[in-house]
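Heads up: numbering here begins at 1 and tracks the sequence. Every value quoted in this text rests on a predicted model; they were computed, and no experiment measured them.
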Amino acid sequence: MHRAETKTLPLGWRAGYPKELDFENIDGRLEEGFIRDRIARVANSPTTSKFFRRAQRNVDLIGLTRWQSLTAQSSDEVLSTATPGYYGDLGRAIIIHHFQHLVKWKLLTLRADKIQPLSSTDFIIHVLVPEAAILLIMQDQGWEGGAAADREAARAKAMDTHRQSGEYGRAAFREESAQGREVLSHLEATLEEKRRRLERRAREEAEVHRLQVIEVLSSDPVDPSSDYGDDPTWLNNAFEAYEALNSKEATPRPRLPSTKLPRTALHSSQYR
C-alpha cells in the first residue's frame, strides 16, 4: 500500500478520479436506462461488443485452453480490460455478482451458440464487466442518452478513462478491504429482495408486451398475405417469457462461489 498512498492515489485524485463511490447502488444502475439497454443488446448480439470480438480474436490466435491459462489471464491486456477502471476490484466483484445472479434467475440469457467460444463465466468476466464499467463511467461523466454521434464521443472518453484509471481503482477500491467486505455483505443480505423485485418487474414488462401484442393482433385483419398471416407461432413466442416467469416455482437458491481473484491474475476458473 505504500506506493498507492504516496503515488498512485494522489495521481488519481489529481486526474479527477473519484475518492468515493456508491458501491451499494452499482447493481441498481445496471438495471436502468441506457446501461440496461446496452447490456441487453450485447447479451443478445455479442459481436456488437469490441470486448467480445477481441476475446474471439485472441482465442482464435492461441486456442481456448491457452487463452484460459493463468499466464494468458495475467497479461497486461486482459488485466487492463477485465478491471473496471477506477471502480477497482470491488466494483468488478459487484458487477460479476450481479450478472451471475441474473443468469441464475433466468433474467439474462447467454446463449451458448451466440457467445461461443466463451463460456457464460468467461463472457461475464471479459465482456460484460468491461462493458458495464464503460457505461458506468459514461454516466459518471454526465452521459444520460442522446444522439449517436454524442454517444460515440462519450463512449470514447469513457474508454480512455477506463484504460487509464485501472491502477488507481485497484489501489483505491479493494475487494478485501473493510469497505469491500461491508458492501458485499450488504448485497448478499438483500439478494432475495433483489430477486423478487427484478422478477416482479420482468412480469410487469412481459404483461405490457402481451397486451401490446394482443392489441396488434386484434386490430390487424387475418390475411394470409400479411406479415402475421394466420400462423399463431409468433404470438406464442411472444408469450414465452411471460408464461415462464408466472410458472416458476420457488426453490432454494444456493450461494454462488466467491468472486475473489488472485491479485496477480483474473483467471476465469476462479468463478466456476
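Between Lys157 and Asp160 there is no side-chain heavy-atom pair separated by less than 4.5 Å. Taking the side chain as every heavy atom from C-beta outward, Asn44 and Thr109 never approach each other to under 4.5 Å. Residues Arg53 and Lys50 have side chains in contact (heavy-atom distance under 4.5 Å, counting atoms from C-beta outward). Looking only at side-chain heavy atoms (C-beta outward), Leu90 and Leu184 come within less than 4.5 Å of each other. Residues Arg41 and Arg38 meet the side-chain proximity criterion, which asks for heavy atoms closer than 4.5 Å. Contact of the Glu204 side chain with the Val208 side chain is not registered, since no non-hydrogen atoms from C-beta on lie closer than 4.5 Å.
Aromatic ring centroids of Phe173 and Phe23 lie under 6.0 Å apart.
Taking 4.0 Å as the cut-off between side-chain N and carboxylate O, Glu175 and Arg181 do not count as a salt-bridged pair. A salt bridge does not link Glu193 with Arg197: every distance from a Lys NZ or Arg NE/NH1/NH2 to an Asp or Glu carboxylate oxygen is 4.0 Å or more. Taking the charged nitrogens against the carboxylate oxygens, Glu131 and Arg54 have no contact shorter than 4.0 Å, which rules out a salt bridge. Ion pair Arg57/Asp60 not flagged as a salt bridge, since none of the NZ, NE, NH1 or NH2 atoms sits closer than 4.0 Å to an Asp/Glu carboxylate oxygen. At a threshold of 4.0 Å, the pair Arg29-Asp140 counts as salt-bridged, since one of the basic side-chain nitrogens sits closer than that to a carboxylate oxygen.
Note: Leu191 CG to Leu187 CG = 8.5 Å, rounded to the nearest 0.5 Å. Remark: Thr190 OG1 to Arg195 CZ distance equals 13.0 Å, nearest 0.5 Å. To the nearest 0.5 angstrom, Asp122 atom CG is 11.5 Å from Leu110 atom CG. Distance CD/Glu31 to CD1/Ile39: 12.0 Å, rounded to 0.5 Å. Distance CZ/Arg163 to OG1/Thr83: 14.0 Å, rounded to 0.5 Å. Within the model, atoms NE2 of His186 and CD1 of Ile94 stand 10.0 Å from one another, a figure rounded to the nearest 0.5 Å.
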Does the salt bridge (Lys or Arg N to Asp or Glu O under 4.0 Å) test come out yes or no for Glu207 and Arg200, once each step is laid out? CA-CA 11 Å; Glu207 175 66 9; Arg200 181 172 61 252; over 6 Å; no

Stepwise side chain to side chain donor-acceptor pair (under 3.5 Å) check, Lys194 with His98: CA-CA 10 Å; Lys194 173 179 175 177; His98 175 73; 2.7 Å; yes

Using side-chain contact (heavy atoms from CB on, under 4.5 Å), reason through Leu21 and Ile26 one step at a time and then give a plain yes or no. CA-CA 9 Å; Leu21 288 166; Ile26 286 180; over 6 Å; no

Pair Asp89, Arg92 - check salt bridge (Lys or Arg N to Asp or Glu O under 4.0 Å), show working. CA-CA 5 Å; Asp89 290 339; Arg92 175 183 49 76; 3.6 Å; yes

How far apart are the C-alpha atoms of Glu167 and Lys7, what are their side-chain angles, what is the distance that settles it, and do they pass the salt bridge (Lys or Arg N to Asp or Glu O under 4.0 Å) test? CA-CA 11 Å; Glu167 184 179 0; Lys7 186 175 181 180; over 6 Å; no

Could you walk me through whether Leu128 and Ile96 pass the side-chain contact (heavy atoms from CB on, under 4.5 Å) check? CA-CA 8 Å; Leu128 294 188; Ile96 291 173; over 6 Å; no

Determine whether Ile137 and Tyr86 satisfy the following criterion, side-chain contact (heavy atoms from CB on, under 4.5 Å), listing intermediate values before the conclusion. CA-CA 9 Å; Ile137 293 171; Tyr86 56 66; 3.8 Å; yes

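For the residue pair Leu9 and Ala172, the shortest heavy atom distance occurs at CD2-CB, 3.7 Å. Across all their heavy atoms, Ala133 and Pro84 have their closest contact at CB-CB, 3.3 Å.
Side chain of Ser69 to main chain of Arg66: a donor-acceptor pair is present (N/O by atom type, distance under 3.5 Å, no hydrogens or angles).
Considering only residues two or more places apart in sequence or on other chains, Phe51 meets the ring-ring contact (aromatic ring centres under 6.0 Å, His included) condition with none of them.
Using a 4.5 Å cut-off between side-chain heavy atoms of Ile, Leu, Val, Met, Phe, Trp and Tyr, with links allowed through other members, Tyr87 and Trp13 fall into the same hydrophobic cluster.
Counting heavy-atom neighbours within 6.0 Å of Lys114 NZ, excluding the residue itself, gives a total above 12. The number of heavy atoms from other shown groups lying within 6.0 Å of CD (Glu182) does not exceed 12.
Ring planes of Tyr168 and Tyr17: tilted class, angle from 30 to 60°. Taking the six-membered ring for Trp and thresholds of 30 and 60 degrees, His126 and Trp67 have ring planes inclined between 30 and 60 degrees apart.
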